[in-house]
Structure formats: C-alpha cells, structure tokens
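Naming convention: chains lettered A, B, ... in sequence-line order (proteins, then strands); numbering from 1 in each chain. No hydrogens, no waters, no symmetry mates; every other heavy atom, side chains included, goes into these values.
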Amino acid sequence: MRALFIDAEPVEQEGRAGVKLWLKSGSLVELYDWGFRPYFYADTDSKKDAAAIGRLDVKGAKVVGVEKAERWVWGKHKELLKVYCTKPSEVPVISRAVRDGLEIGCYEFETPFKYRYMIDKGLWPMDWVHYEADGDELVSIERATGEPGSLRALAFDIEVHNPAGSTDPARDPVIMVSWADEKGAGVLSTKPNRGVSKVFSDEAALLTGFCDMLRQKDIELLLGYNSDLYDLPYMKERSRRLRIDFPVGRDGLTVRKRGGGLVVSKVGGRVHIDLYRVATFLDRIGAMNLPRYKLEDVYAELAGKPKRDIKKADIWKVWDKGDIDDLAAYSRDDAECTWFIGKQWVPLEIALSRASGLPLFEAVRATTGSMVEQLLMRHAAGRSEITPNRPGFGEVTERAAETFVGAYVKTPPPGIYSNVAVFDFRSLYPSIIIAHNIDPATLNCDCCKKDGHVSPAGHRFCVKRQGVIPETLKELIDARAKLKASMKKMDPKSTQWAIADNHQWALKIIANSFYGYLGFSRSRWYSREAAESVTAWGRQYIQQTIEKVERAGYSVLYADTDSIFLLLGERKKEDAIALLTELNKGLPEVMMLELEGFYPRAVFVSKKAEEKGAKKKYAMIDEGGKIKIKGFELVRRDWAKIARKTQRRVLEAILKAGSAHKAVEIVRNVIADIKAGKVPLDDMVIYTQLRKEVYTAKGPHTAVVEKAAKRGVKIPVGAVIPYVITKKGKTISDKAELADWAKDYDPDYYIDHQVLPAVLKIMKELGYTETDLKVAGRQARLT
DNA sequence: GCCGTAGGACTACCA
DNA sequence: ACTGGTAGTCCTACGGCG
C-alpha cells in the first residue's frame, strides 16, 4: 500500500512497547509496529564491559541485548556496543546506570524514540511510504517517492463571553466556535441568529458539536491562531469544568508547558498548526517584519486589506444585547482569515517538515537550530556517525562565555552618491563550510597535519574525509540549485511551481542556519573553532575582494559581511560585470560573487554622535524606482509612525525627486501638525516588545507594564506593547502610557525625540541644521 | 540641588 | 533559546559647580 507518512508516537500496551504510526492513504490510518527495540551506544569494546552491561537490572529495567557496532565518534572510527532495552522509557534509566555505575560513556541515549524510529526506518514526514500491514499491525514499511501530499484542513476560532475584560475559563463560557475550510465557513453558537449556522442548547453541546464536526469532516489538519496558548487550552479547561469529554482529536489533547512560557497543544491523531507560531518563526528568520503579529496584522499584510474588526472588549456587550449579527460575522471572519493565512503558510511548513525530517507538528514549533540538528542526526546515522550528546548545563555556560569574532563591516563615508553597484557572495557562510570542510569532527584530524585547510583563525580541517556538516549542507544547496533550475521550466502560476518554491525556500532557510548552529552554545555539533573559522574565512574573502576591486580602480563605499558597494563613477555597467567575472576566477569552485544590483542613487548617513559614517544604515533607489532602505528608524517598530512616515517621505524626496527643498517642506509641515495637535494618536504609538520577566533597568515600556499591572492587567512576556508618550509626567517613562489609555500626546517629545532625530541625520548630509527645519520661512541653503 | 555626561541596560536592526 | 556587529534611546550614577 502507498501512503503519506505523517507522524509516529511511542506506545505501551499490555507491557509491550512499540510505535504507533499515522499514515494517510485516502483517510488516516493508524498502525502499530511492535518489532522495534530502543537502544543506545556504550563507548567500550571490552567483553567484560559488555557482560556487565548485559547483566544490568535497574528496578526491573533490563538490558535485552548487547551487540558490537562500528561507528565514527568525532572523526575517529571506533568499536562500540549497541545496548537494547525493552521500552523507550528504560533507555535513560539504563544508560544512566552505565554512565554513573560502570563509568562507561554513552551516546544517543537521549534521542526521542519516535525520531530514533523514523531515522532508522528511513521515514520522512509528509513524504510517501510503501507499507504492508496485517490488521492494525505493521509488517513492513519503506520510503517511496512522490509530490508532497495534502491533508484535509479546517481553521477555527472561538469567542468567549468576557464582561470582566480578560477571560477566565473558571468563569467565562465559550459562546461561539467558528470554522472555515475549502468548502466554506460557519459559526456554531448557543444563541440563534442569521449568521449562526448551527445552534446548540448550551456550551457543553457547543463544544461537543465542534468535535463532532471535526470527526464528520475527518479533519487531519487543524488550523488556529494562537490556539496553542489560547483556544485549545481554553476549550479543554471549560470541558473539564463542565465535566464533559472534549474529543477534539482522535487520541486526546495534551497541553504541555515548555520553558519560557511556551505552551504546546497537541491534538492526537490530527496535526494542529498554530499559525501564530509560523508568524513568529518568519519574524525570527527575517522573512517578515511587522510591528505586531496579531491575526488582523498578519491578515492585513498577506491579504493587502484590513480585516473586519470588533474591539475584543466589546464582544460580551454585543452578545448580551442579543443582536449578534456583527459578532457572528466577526467570528466567522476570524476563522476565514485564519484559513486564508493557513493557505499561504501551510505549504511552507510542509516543505520545512520534509526538508528537515521533523514531523509537521514539531516543524511548526521548531527553531531553525532544531531543524539543522534533526537533519544532521539523520545524515550522521546514514554514515555510521554518532550523534554527539547534548551539552550539560555547565558546558553550555562555558560555551556561552567564549566569544568569537564575527563579520567585517566597512565604515561608509556619509553622503549622497550616484551610480552604485552592489556585489555579493552567494551563500557565503555555507560555501565556506563546504569549500573548507568545516566540521567539529574534521577539526585537527590526524591525517592532514601537513596539508589540511588552515583557516585565517589558525584552525586546521581535514581534506580527506568530508564532515557530516559539509556533506549535509552540500546536499541541501545542490538540491536547491536543481529545484531552482527545474522551476524555470514550470508555469509560475502552477501549483507545481508553488510547491517547488516553498521547497527551495525551506532548503534555503535550513542551509542558512548551519553556521549559527556551529556557534550555538546548546548545539550538539558546537565548535567555537569551526564557527570562528567560518567568519575568519568570510572576512578574508570580503577583504581580499575589496582590495581587488580597489586595485581595478573603483572606490568601495561600503561592505557588510558578504556584500560590497562600489561607485561606478565614469564606468559602465558592463565594466562592473567584467570585473565580476574576473573576481570569480580567483575564488574556490563553490564560491560565487554575484551582481546584486545597480542603484542610480544612494544615501549614507553619519552616526548621531560622531562624524563617522553609520554602518548598517542606508537607502538606495534602483533603476526601476524601487527604494531599498536598511537600518533607518523607519524600519524599526520602536519608533512612532509619524517619525517613520516622515523619514520615508524625506528619503523618497531625495532619492526619487532629488529635491532637498521638498524634504524641508515636508518636515516643517509635520512639525507644525504635531504642534497643533493635529496628528492622530495612532501615529504616535511606539511598539516595544517585553522581552524579559525581570528588569534591572527602568524604561518607558517597563513603566507601561507597571502601570497596567496596577490596573490589574498583566502583560505577558513576549507581548509587543503599544504606548504613547503623553503630556502627563516628568520623565519619558512617567509620560509613557498604554496606547488604549492615552488621551493626548506630548508634542515636544515627538518633535525633538522622534521626528527631528530621524530626519536630521539625512538632512545633515544636505547641509541643513536643526533650526532650518524647525523655523519656518527661512531660505534653504542648498537645493 | 542642578547640570552635563559616561556608561549600562535594553531593543531592534543587518548580514 | 542559531551567530556577531551595530546604532541608538533612556536611565542612573557621578563629578563639578556654587
């Protein structure tokens, strides 16, 4: 039988231990594999040790088999013992006895059992398998090929009666559950209304009705927004209090708290995707940058239009009034927006799951680090290499304390320039890792003492045996290149193209994370020497390239990590392209310098306190009139919209119209509007994320949190706080007030601390001073 | 007690 | 809970002044 492999879970029944597999062929199939034994490795080849390990009995947990195994351990070929246990839960117990009791080192004793199973069986989630079964018992399974499969999905959202403002499952009932899927949308509620598609006698019936619907529709993929933390735990708690079952899954619902306030809600037998998790993931990897990631923010960004909105605080009022037309429509809209977002992001998550080997549920909640790790574990196993153990607490602390030098950034001379060309290295760090075989296990090998790759940081890497990291990375990069090539032959509007695009994106995301993973203190494959060699080679390549560009007669304006900005001057684009070709001849095979683009005009500014140019801050306009802005206040959410908007207009006036005069007019008008109190409060809102539980220093955003706490509103860690600097108070922190509570704004603050600083650094390059901008009617010095 | 400033804490950016 | 490099804000402590 052919099926899509979804997930696996360890199970224990009647003393037997095995694995439950979730497959999809038509609909979901549950199968059991009772024939797979958990194991770990012991670092010894002595018969005496083998015998001692074989005799172990820790409170009834016994070793059921010991066999020899040849594996690579940190670049050395070794003979180890593979120690089998009966149940997965016995692995930690027995391996501890081996380590602490017999003082024999162990490996892979903390590999979660389901990963152990998937890795050893060669199963990749969201990919196809061929299997044979006898009843519900698996007989055989192996990986097959095919396009990624799809799952039957449904998005949902709940509304809660909230007269107290906040909601509390001890008190406030669920009043609506809305849903949306391929076929349409609907609202389940306990009050009848035109907008309500199904009415239930009470809340218990409503919750049960929702579960019935999932069962009837045979939903495999459940989509929510912040449903890990809110909807599912809320419904579960309400059900508990109502003393009813809540069979939202085929196999229970577990709500688990992870470290750092993270909550994960696992729906057994369906894949639950919390799209808020996807939003924060995309934010972290820099694929998205919004001030906030509420459902309406994300929807507006993706759909290009705003979402219907009700003030959350008013939900109960509308409900109590009995006229719930609006509420039903709003609730339904929430589900539809969630569905819309899911349509865009689920394919990427499926691609990430396939590319990393993490089951979809885990992939959605994974960091790029754990994706890299999963992939490395799979590749390591494939080449008989041991997966290094996780570092202990002490080790992590030590690693975190040892810092290393990163990338090179050139200070740009501030000014406004014409005809800039930008070159950049394609995947600089991944290319370096592959070109120089950088891996903790190839570091200081015994075989290449004379002829190894020696990094500018002074570390040597093997030239004979490729490391698991370079090997895995090369596979990703080659696969991506192949995909990109095949995409050229596809119709860009086809589903096939969209699938390939998500896949290539997933491969890129993972490939870009390898360097960070090498330097990550909790990494299994951590190596400071390896990480600092990557950056050292990176600095060497960029600096040598800068020298060559300068020797060719160009002046290099700016450079950061892997990019070079040069002034074309009197030369033509063709000259720059010829130079590029020349530069590439001197680079290793896998490395490639590319033309990023030509820019007719560019702005670099000086640092606020010094005359020197500011790094990581520039704006350029390309030949198509498209503006690229980096680092400026206007790309930062912790600046008020009025400052960001004004700075953008000023930059546009200079880059597009080339008019400083216009820029001055803009600034003067904005200042006048602020003084006159004409600017809407919305434009004064500053967003700052609450990143810590406890602060040593006071700041506007911590002050806002304190004030909210006094009113009984708890702002959780991770929240992005919107606040306004009001007239009331002495210091800025005193004046800061939660946006919803702010009645006015302090014009002086917004002029002197927001608009002027943002705009002045640009105007300074054109010869203007603060007074030129503040005092109306004065003649501009330059135009 | 007031003023100016150096330095620390903090956030969000670039690559 | 992937890295280092960077700009910039706000607050506090501190020294000088009178």
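- Taking 4.0 angstrom as the limit, A:K698 places none of its side-chain polar atoms (N or O) nearer than this to OP1 or OP2 of C:dT12.
- Close to C:dC2, at under 4.0 Å from its OP1 or OP2, lies a side-chain N or O of A:T367.
- Atom P of nucleotide B:dA15 and atom NZ of A:K617 are separated by 13 Å, given to the nearest angstrom.
- Using a 4.0 Å heavy-atom distance criterion, A:T368 is classed as a base contact.
- Ion pairing between A:D560 and A:K410 fails under the 4.0 Å rule for side-chain N and carboxylate O.
- Contact annotation for A:V635: backbone-only contact, meaning every heavy-atom pair under 4.0 Å involves sugar-phosphate atoms and none involves a base.
- B:dC14 atom C1' lies 6 Å from atom CG of A:D560, rounded to whole Å.
- Centroid-to-centroid, the aromatic rings of A:F604 and A:Y558 come within less than 6.0 Å.
- Summarising the geometry, the separation between OH on A:Y408 and C1' on B:dC14 is reported as 16 Å, rounded to the nearest angstrom.
- Along DNA chain C, the nucleotide nearest to A:K761 and the one nearest to A:I732 differ in position, and the one closer to the 5' end is contacted by A:K761.
- Side-chain N/O atoms of A:S521 include none lying less than 4.0 angstrom from OP1 or OP2 on C:dC2.
- Side-chain N/O atoms of A:K607 include none lying less than 4.0 angstrom from OP1 or OP2 on C:dG8.
- For B:dT11, the base has no donor-acceptor partner in the side chain of A:R637 [N/O atoms by modelled type, under 3.5 angstrom].
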(request) Dump the intermediate steps for side chain to side chain contact (heavy atoms under 4.5 Å, CB included) on A:I715 and A:L738, then the final yes or no. (result) CA-CA 11 Å; A:I715 300 178; A:L738 210 55; 4.2 Å; yes
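- Contacts of A:Y429 with the nucleic acid, taken as non-hydrogen atoms under 4.0 Å apart, are absent.
- Look at NZ on A:K730: it is 12 Å from P on C:dC11, rounded to the nearest Å.
- Looking at the side chain of A:V405, the nearest of the listed nucleotides C:dG5, B:dT11, C:dA1 is C:dG5.
- A donor and an acceptor atom, one from each side chain of A:Q543 and A:Y408, are nowhere located under 3.5 Å apart.
- In this structure, A:H436 and A:H453 have perpendicular ring planes: the angle between them is above 60°, well past the 30° mark.
- Ring orientation note: the planes of A:Y517 and A:W525 are tilted relative to one another, at an angle of 30° to 60°.
- Nucleic acid contact for A:T696: sugar-phosphate only, since backbone atoms but no base atoms lie under 4.0 Å from a heavy atom of the residue.
- Residue contacts shown for A:N289 are limited to sugar-phosphate atoms, with no base heavy atom under 4.0 Å away.
- As rounded to whole Å, 13 Å separates atom C1' of C:dC10 from atom OH of A:Y695.
- Listed nucleotides: C:dT9, C:dG5, B:dA12. Nearest to the side chain of A:D638: B:dA12.
- Nearest to the side chain of A:H753, among C:dC10, B:dC10, B:dA15, sits C:dC10.
- Contact annotation for A:W639: backbone-only contact, meaning every heavy-atom pair under 4.0 Å involves sugar-phosphate atoms and none involves a base.
- As a whole-Å value, the separation of A:I686 CD1 from B:dT11 P is 15 Å.
- Summarising the geometry, the separation between CG on A:L690 and P on B:dC10 is reported as 11 Å, rounded to the nearest angstrom.
- Side-chain N/O atoms of A:H701 include one lying less than 4.0 angstrom from OP1 or OP2 on B:dT11.
- Centroid-to-centroid, the aromatic rings of A:F565 and A:Y618 come within less than 6.0 Å.
- Among the protein residues, A:S523 comes within range of no part of the nucleic acid, since none of its heavy atoms lies under 4.0 Å from any strand.
- Contacts of A:A407 with the nucleic acid, taken as non-hydrogen atoms under 4.0 Å apart, involve only primed sugar atoms and P, OP1 or OP2.
- Among the heavy atoms of the strands lying under 4.0 Å from A:G516 is at least one base atom, whether or not backbone atoms are also near.
- A:Y526 comes within 4.0 angstrom of no nucleic acid atom, judged by non-hydrogen atoms across all strands.
- Dashed line: the shortest gap from a side-chain N or O of A:K608 to OP1 or OP2 of C:dG8 is not under 4.0 Å.
- In this structure, A:G369 reaches neither bases nor backbone, as no heavy-atom distance under 4.0 Å exists between it and the strands shown.
- With no hydrogens or angles considered, no side-chain donor-acceptor pair links A:H379 and A:E385 at under 3.5 Å.
- Checking the phosphate oxygens (OP1, OP2) of B:dA15, a side-chain nitrogen or oxygen of A:Y618 falls inside 4.0 Å.
- Among the nucleotides B:dT11, B:dA15, C:dC10, the one closest to any side-chain atom of A:R691 is B:dT11.
- A straight line from OH of A:Y687 to C1' of B:dC13 spans 18 Å, rounded to a whole angstrom.
- In this structure, of B:dT11, C:dC2, C:dG5, it is C:dC2 that holds the atom nearest to the side chain of A:F520.
- Among the nucleotides B:dA15, B:dA9, C:dG4, the one closest to any side-chain atom of A:A697 is B:dA9.
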